[in-house]
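Below is one structure, written out as structure tokens, with a few remarks after it.
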Amino acid sequence: MDGGDSPGQGTVTCGTWIRRPENKHLVVVGKTTPSSLEIFSFDPETTSLSASPKAKYEFEEGVIPVTISVHPNGEELVCSISSGDCKLFELSAKEDKIKLTAKEQIPLQGIGLQKCLAFSVDGTRFSTGGADGCLRIFEWPSMRIILDERRAHKSFQDMDFSLDSEFLASTSTDGSARIWNTSDGTPITTLTRNSDEKIELCRFSKDGTKPFLFCSVQRGDKPLTVVWDISTWKKVGHKRLLRKPASIMSISSDGKYLALGTKDGDICVVEVNNMEVRHRSKRLHLGSDIESLAFCPTERVVLTTSKEWGAMVTKLTVPAEWKEWQLYLLLLGMFLASLVAFYIFFENSDSFWNFPLPNNQAARPIIEPFLGDPQSDQHIWDHVDL
């Protein structure tokens, strides 16, 4: 195997998951040696990526992949490259054969270096955030321009769509953060912050019950995770989860866990319900910025990348959860247990209650007489006057 094709080797610049049917998820990574996009399969049993890529697309020499965003349908992805274009790719898979095909998308060509890309949760919007501070929101797949705001920020740092795809949050290298309406592109608000605070990263809650926006905020030399209520856009609390500044933030697709990666290679994973740390991996990418951090669509596994250590998949040590089939099995077991208990109770009810029977009262009839003898009651209705 060529070492340059290994997911853990070579200079990896970015990476993320590709959701596929039957939980046969894939991982796409961008590399500089050689400059390419590579697709790897994922084995949940061993928590590992395939040793060699299942598909590969090579860029022109000197072109570096910057960031990747995958459409929720798992069949399209967009990659920002250092030459100032965004390339659209279509993914097709038949059995174990995967093909990655580049497609022309005129509105994404020649728009300058894009530091942030994002598809909305419902797949109807696509957004880009440039190094020049320009924000673009497109309707997908028609590519109708909803917003082309040249002075949205000084320079983009992060962005994320809300669960209902109604809002877009964006952060700037100058520490500001803004909220946008994705239907018409109008700015809704700028998040409030103190003079010594810089809002750096942002992720909306995704569990459908808590309308929150999570942001990593640097207050002086203290990194904080701050929560805003998106119904009022006011702060509702903050907590210090890291001792070192965060470089990347991610939230699981079901919204139960929030993950933070640091600038020296650590990650921590927090349970959103109580904001308690459930997993820590120290020195996972020793001494390197974690460039990418993404949850597997269906497993409690995260993908991380760094330029020095490449791509890694890590199984999280979080509390085990009930799977759907386990819940159905439990309900079936409870139903069968209740039937057995009822049968035992019915068969032993007299002795159970221990009520003495009067001398002239017959004992409880057994089941057969209770059901009746078909021959003895064939004239039961004869003398009824109808």
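Model, not experiment: these values are computed from the prediction.
No donor-acceptor pair closer than 3.5 Å links the side chain of S306 to the backbone N or O of H285. Checked by atom type and distance alone, the side chain of N194 never pairs as donor or acceptor with a backbone atom of D196 at under 3.5 Å. Judged by distance alone, the side chain of T171 and the main-chain N or O of I199 form no donor-acceptor pair under 3.5 Å. In this structure, S165 contributes its side chain and S120 its backbone to no donor-acceptor pair below 3.5 Å. S83 places no side-chain N or O within donor-acceptor distance of the main-chain N or O of I81, the cut-off being under 3.5 Å. Side-chain atoms of D174 come within 3.5 Å of backbone atoms of S176 as a donor-acceptor pair (strictly under, hydrogens ignored). Of the possible polar contacts, one joining the T33 side chain to the T11 backbone as a donor-acceptor pair under 3.5 Å is found.
Taking CG from L242 and CG from D264, the interatomic distance works out to 9.5 Å, rounded to the nearest 0.5 Å. Distance CD/E308 to CD/E291: 11.5 Å, rounded to 0.5 Å. To the nearest 0.5 Å, the span separating SG on C215 from CG on D160 amounts to 9.5 Å. The CD1 atom of I18 lies 4.0 Å from the CD1 atom of I39; values are rounded to the nearest 0.5 Å. Separation of atoms CG (L88) and CD (E76) is listed at 6.0 Å; rounding is to 0.5 Å.
No hydrogens or angles considered: a donor-acceptor pair under 3.5 Å links the side chains of D254 and S252. Of the N and O atoms on the side chains of W180 and S170, at least one donor lies less than 3.5 Å from an acceptor on the other residue.
For the pair E200 and K198, the salt-bridge criterion is not met [side-chain N within less than 4.0 Å of a carboxylate O]. A salt bridge between K87 and D85 is absent, with no side-chain N of the basic residue lying under 4.0 Å from a carboxylate O of the acidic one. The residues E271 and K256 are annotated as not salt-bridged, no charged nitrogen and carboxylate oxygen being separated by less than 4.0 angstrom. One finds no salt bridge joining D229 and K234 here, because no Lys/Arg side-chain nitrogen approaches an Asp/Glu carboxylate oxygen to under 4.0 Å.
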Which donor-acceptor pairs under 3.5 Å do the side chains of residues 128-138 make with protein atoms, sequence neighbours left out?
{"unit_1": "T128", "atom_1": "OG1", "unit_2": "Q114", "atom_2": "OE1", "d": "3.3"}
{"unit_1": "D132", "atom_1": "OD1", "unit_2": "C134", "atom_2": "N", "d": "3.1"}

Can you give each donor-acceptor pair under 3.5 Å made by side-chain atoms of residues 216-228, sequence neighbours left out, with the distance rounded to 0.1 Å?
{"unit_1": "S216", "atom_1": "OG", "unit_2": "L201", "atom_2": "N", "d": "3.1"}
{"unit_1": "R219", "atom_1": "NE", "unit_2": "E197", "atom_2": "OE2", "d": "2.9"}
{"unit_1": "R219", "atom_1": "NH2", "unit_2": "E197", "atom_2": "OE2", "d": "2.8"}

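Separation of the H71 and F119 ring centroids falls under the 6.0 Å cut-off. Checked against the 6.0 Å centroid criterion, the rings of F40 and F42 do not qualify as a close aromatic pair. Between Y257 and F295, the distance from one ring center to the other does not fall under 6.0 angstrom.
A heavy-atom distance below 4.5 Å is found between the side chains of E276 and R278. Residues F161 and F204 are not in side-chain contact: their nearest non-hydrogen atoms beyond the backbone lie 4.5 Å or more apart. Looking at heavy atoms from C-beta onward, I98 lies out of side-chain contact with L100 at the 4.5 angstrom threshold. For the pair F167 and W233, the minimum side-chain heavy-atom distance is below 4.5 Å. T305 has its side chain out of reach of I290: every pair of non-hydrogen atoms, C-beta onward, lies at least 4.5 Å apart. V302 places a side-chain heavy atom less than 4.5 Å from the side chain of L316. Residues I111 and C86 are in side-chain contact: their nearest non-hydrogen atoms beyond the backbone lie under 4.5 Å apart. Counting heavy atoms from C-beta on, the side chains of L286 and W309 come closer than 4.5 Å.
Residue K315 qualifies as open at atom NZ: its count of foreign heavy atoms under 6.0 Å is 12 or below. Around atom CG of D96, no more than 12 heavy atoms belonging to other residues, nucleotides or ligands sit under 6.0 Å away.
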Discussion item. Go through it in stages, so that I can follow the logic: the residues are R19 and L26, the test is side chain to side chain contact (heavy atoms under 4.5 Å, CB included), and I'd like the CA-CA distance, side-chain angles, deciding distance and then a yes or no.
Written reply: CA-CA 7 Å; R19 178 188 285 271; L26 304 171; over 6 Å; no
Discussion item. Could you go through E38 and K31, starting from their C-alpha distance and side-chain angles, then the distance that decides it, and tell me whether this counts as salt bridge (Lys or Arg N to Asp or Glu O under 4.0 Å)?
Written reply: CA-CA 8 Å; E38 298 179 2; K31 290 186 174 183; 3.2 Å; yes
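For T173, the side chain to side chain contact (heavy atoms under 4.5 Å, CB included) partners at least two apart in sequence or on another chain are K115, K154, S155, Q157.
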